[in-house]
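Proteins come first, then strands; the chains are lettered A, B, ... in the order of their sequence lines, and each starts at number 1. None of these values were measured; they are calculated from a predicted model.
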Protein chains: 2
Amino acid sequence: MTIKSPKAALVPAAPHKGKTKLHSGIARSIGERILAGEFSPGSILPNEAEWCQIYSASRTAVREAIKLLTAKGFITSRAKIGSRVEPRARWNLLDREVLEWHRSASDRIAFLATTQEARRLIEPGIAALAASKRSQAHIERLVAAVEGMRTAKLGKPLVMADLEFHEALLAAAGNELLAPFGAVIASALFQLFDYTTPRNPRFPAALKMHEDIVRAIIAGDPGEARKRMQRLLEDTDQIIHKTSGGKH
Amino acid sequence: MTIKSPKAALVPAAPHKGKTKLHSGIARSIGERILAGEFSPGSILPNEAEWCQIYSASRTAVREAIKLLTAKGFITSRAKIGSRVEPRARWNLLDREVLEWHRSASDRIAFLATTQEARRLIEPGIAALAASKRSQAHIERLVAAVEGMRTAKLGKPLVMADLEFHEALLAAAGNELLAPFGAVIASALFQLFDYTTPRNPRFPAALKMHEDIVRAIIAGDPGEARKRMQRLLEDTDQIIHKTSGGKH
DNA sequence: GGACTTTTAATTGTCATACAATTCTTGACA
DNA sequence: TGTCAAGAATTGTATGACAATTAAAAGTCC
């Protein structure tokens, strides 16, 4: 049974700003449409020739877009069949680009809640791992990151410093399979930025919590590091809940 | 400073079994060489024309391979520059294909240790989440999965049933950002298979531990579910340590 | 001589066309 | 009815050409 997608909207999604390569723009458009549910897992996408018409592009560009989506686990292609959407469990949702598409194609509040839930699940363990390994170079990077947060201007510089802290922590955990979560953390911090600007009255408290985590890691106390990270994340979530409803 | 890779080995890596598409074979070969450290982050890869010679393939196939690697976060391409290897933190190591390459290109014992560490970090939290959400459909899938394990023949069928259990658990956690970890679990179970075959005397105990997890989830007890999962993973790791040295 | 601008050249990005390989569908045939 | 062969639709690969990008080199002016 070939579930042919009905009337595969002959109109490309709204073009995006910036000068991206043609094929990645096409990939993004198709990816967002899949994420939005326009094409369900198991269904067959339009074939290459149709995509060429839809996006007024050459087969080369369309094929590269499809290859990109294939590499991210969204679809598989077979001769004579076409491209079929893979089950959601196969999608590489931790991919940076995919997270970006996802954020564009989802309800912002719900998506932020999902990312924060993932962080609560993983980052305390990350902190504990970092405390148990405690390599010198990584600790120095963490200390520098906290110092960077202290001296950063409010606004985007602070967000970047915060991100550097969490990425340093991820590196300190010393398990490269966890690295892809950096993209989730980055996504979460950028989203949280919308809630904490233009001013962040909680800043001194937040800074201290970051310091506490580093202290626990230096002390080599995994349990304490885990607990401190849990506290930080809970505090962050409170900001969301208080500000919620104030979506811009 | 353009770090041109020296004498980029004009010989393709050993071809792999099975009839894969040409471009994905090339992607795999280049990907493994990057994972193996032959091309370091920051360095410039050979250009498309050179790859064409190296693999005796057309530019079309080579470009699709490069697009694939780009989509997985390994490289970026810019005109006049070429393709540069991205920092390791950008690599999508949770991707199914990449895990496969990784396993081929790494020390097996070390790689298994890394995957198990990641599992210990994440799966207890997964179990806890599943217990806190506890949706009917997911519980039924879990129960069926345990039943599948009970009735499966030893060997590969049991591995598949085990995998289904952990995938069901992942689904029950109800956070799609965690889905990519299914690939890590799958990779770990297939590797563990090498240690537990041809017979698994621990099987009855392992089955009970899986049941205990489901029971805790049905009871809606996140703490208990987490603890039971921790126990299961610890037990698994003991198998490794006892059998270690017995790599086939 | 030094800072700025223009030209050049190397590389990837896109297009167009043709053919090969795969595999579903259909029809012939026993 | 079941099996096998021919056909057709779709993706995979090859080839050649040109456009776009941009680092590097060559001029140019002060």
Side-chain angles (χ1 to χ4, degrees), chain A residues 1-5 8 12 15-30 39 42-86 97, chain B residues 1-5 8 12 15-16 18-30 34 39 42-86 97:
Chain A
M1 150 170 68
T2 62
I3 311 170
K4 184 77 179 186
S5 308
H16 283 86
K17 74 288 174 103
K19 52 172 179 178
T20 70
K21 302 294 180 208
L22 179 54
H23 67 261
S24 64
I26 295 173
R28 174 179 187 140
S29 175
I30 300 178
F39 304 105
S43 66
I44 302 288
L45 294 180
N47 64 30
E48 293 177 354
E50 295 176 273
W51 286 126
C52 290
Q53 291 185 341
I54 294 173
Y55 290 105
S56 302
S58 71
R59 210 183 140 207
T60 305
V62 165
R63 274 186 63 77
E64 294 196 343
I66 288 178
K67 280 291 159 298
L68 196 151
L69 289 167
T70 302
K72 292 189 190 304
F74 278 68
I75 59 184
T76 55
S77 297
R78 285 173 62 195
K80 171 74 182 186
I81 305 296
S83 296
R84 166 174 281 122
V85 180
E86 289 276 278
E97 286 176 277
Chain B
M1 140 174 80
T2 60
I3 310 169
K4 185 77 177 185
S5 306
H16 283 85
K19 51 172 181 180
T20 70
K21 302 294 182 209
L22 180 53
H23 69 261
S24 63
I26 296 174
R28 174 179 188 140
S29 175
I30 300 178
I34 292 175
F39 305 104
S43 66
I44 302 289
L45 294 181
N47 64 30
E48 294 177 353
E50 294 175 275
W51 286 127
C52 289
Q53 292 185 340
I54 294 173
Y55 291 105
S56 304
S58 72
R59 211 184 141 207
T60 305
V62 166
R63 275 186 63 77
E64 295 196 344
I66 288 178
K67 282 290 160 297
L68 196 150
L69 289 167
T70 302
K72 293 190 188 304
F74 278 67
I75 59 183
T76 56
S77 296
R78 285 174 62 195
K80 171 74 181 184
I81 303 298
S83 296
R84 167 173 279 122
V85 180
E86 289 276 278
E97 286 177 278

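Look at Arg63(A) and you'll find a side-chain N or O under 4.0 angstrom from OP1 or OP2 of dG12(D). OP1 and OP2 of dT12(C) both lie 4.0 Å or more from every side-chain N or O belonging to Lys67(B). A close approach under 4.0 Å does occur between a side-chain nitrogen or oxygen of Arg78(B) and OP1 or OP2 of dA23(D). Residue His23(B) places none of its side-chain N or O atoms closer than 4.0 Å to OP1 or OP2 of dG12(D).
Rounded to whole angstrom, the span from the CD1 atom of Ile81(B) across to the P atom of dA20(D) amounts to 19 Å. The nearest whole Å value for the distance from the CD1 atom in Ile66(B) to the P atom in dT12(C) is 7 Å. Between Ile75(B) atom CD1 and dG13(C) atom C1' the separation is 15 Å, expressed in whole Å. Note: CG (Leu69(A)) to P (dT11(D)) measures 14 Å, nearest angstrom. As rounded to whole Å, 12 Å separates atom C1' of dC15(C) from atom CD1 of Ile26(A). With rounding to whole Å, Glu64(A) atom CD is found 15 Å from dT11(D) atom C1'. Between the P atom of dT14(C) and the CD atom of Glu48(B) lies a distance of 11 Å, rounded to the nearest Å.
Lys72(A) contributes no side-chain N or O that, together with a main-chain N or O of Lys72(B), makes up a donor-acceptor pair within less than 3.5 Å. Glu64(B) places no side-chain N or O within donor-acceptor distance of the main-chain N or O of Ala61(B), the cut-off being under 3.5 Å. In this structure, the side chain of Arg84(A) does not engage the main chain of Ile44(A) through any donor-acceptor pair within 3.5 Å. Side-chain atoms of Thr70(B) come within 3.5 Å of backbone atoms of Ile66(B) as a donor-acceptor pair (strictly under, hydrogens ignored).
Note: Lys80(A) NZ to Asn47(A) CG = 11.5 Å, rounded to the nearest 0.5 Å. Between atom CD1 of residue Ile26(B) and atom OG of residue Ser56(B) there is a gap of 9.0 Å, rounded to the nearest 0.5 Å. To the nearest 0.5 Å, atom CD1 of residue Ile75(B) and atom CD1 of residue Ile34(B) are 6.0 Å apart.
In this structure, Leu45(A) and Trp51(A) have side chains that are in contact, with non-hydrogen atoms separated by less than 4.5 Å. Looking only at side-chain heavy atoms (C-beta outward), Phe39(A) and Ser83(A) stay at 4.5 Å or farther from each other. Put simply, the side chain of Ile30(B) does not reach to within 4.5 Å of the side chain of Phe74(B), judged on heavy atoms. Residues Arg28(B) and Thr20(B) form no side-chain contact, since every pair of their non-hydrogen atoms from C-beta on lies 4.5 Å or further apart. Residues His23(B) and Arg63(B) fail the side-chain proximity criterion, which asks for heavy atoms closer than 4.5 Å.
Taking five base pairs at each end of the helix from dG1(C)-dC30(D) to dA30(C)-dT1(D), the local helix axes there meet at an angle of 0°, rounded to 10°.
Mapped onto DNA chain C by nearest heavy atom, Lys21(B) and Thr60(A) fall at different nucleotides, with Thr60(A) at the one closer to the 5' end. Sequence order on DNA chain D of the closest nucleotides to Gly82(A) and Ala57(B) puts Gly82(A) first from the 5' end.
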Give each protein N/O atom lying under 3.5 Å from an N/O atom of nucleotides 4-9 of chain D, with the pair distance.
unit_1 : atom_1 : unit_2   : atom_2 : d
dA9(D) : O4'    : Lys80(A) : NZ     : 3.2

Table of protein N/O atoms under 3.5 Å from nucleotides 17-19 of chain D N/O atoms:
unit_1  : atom_1 : unit_2   : atom_2 : d
dA17(D) : N6     : Arg59(B) : NH1    : 3.3

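In terms of polar N and O atoms assigned as donor or acceptor, the side chain of Ser58(A) never comes within less than 3.5 Å of the base of dA16(C) in a complementary pairing.
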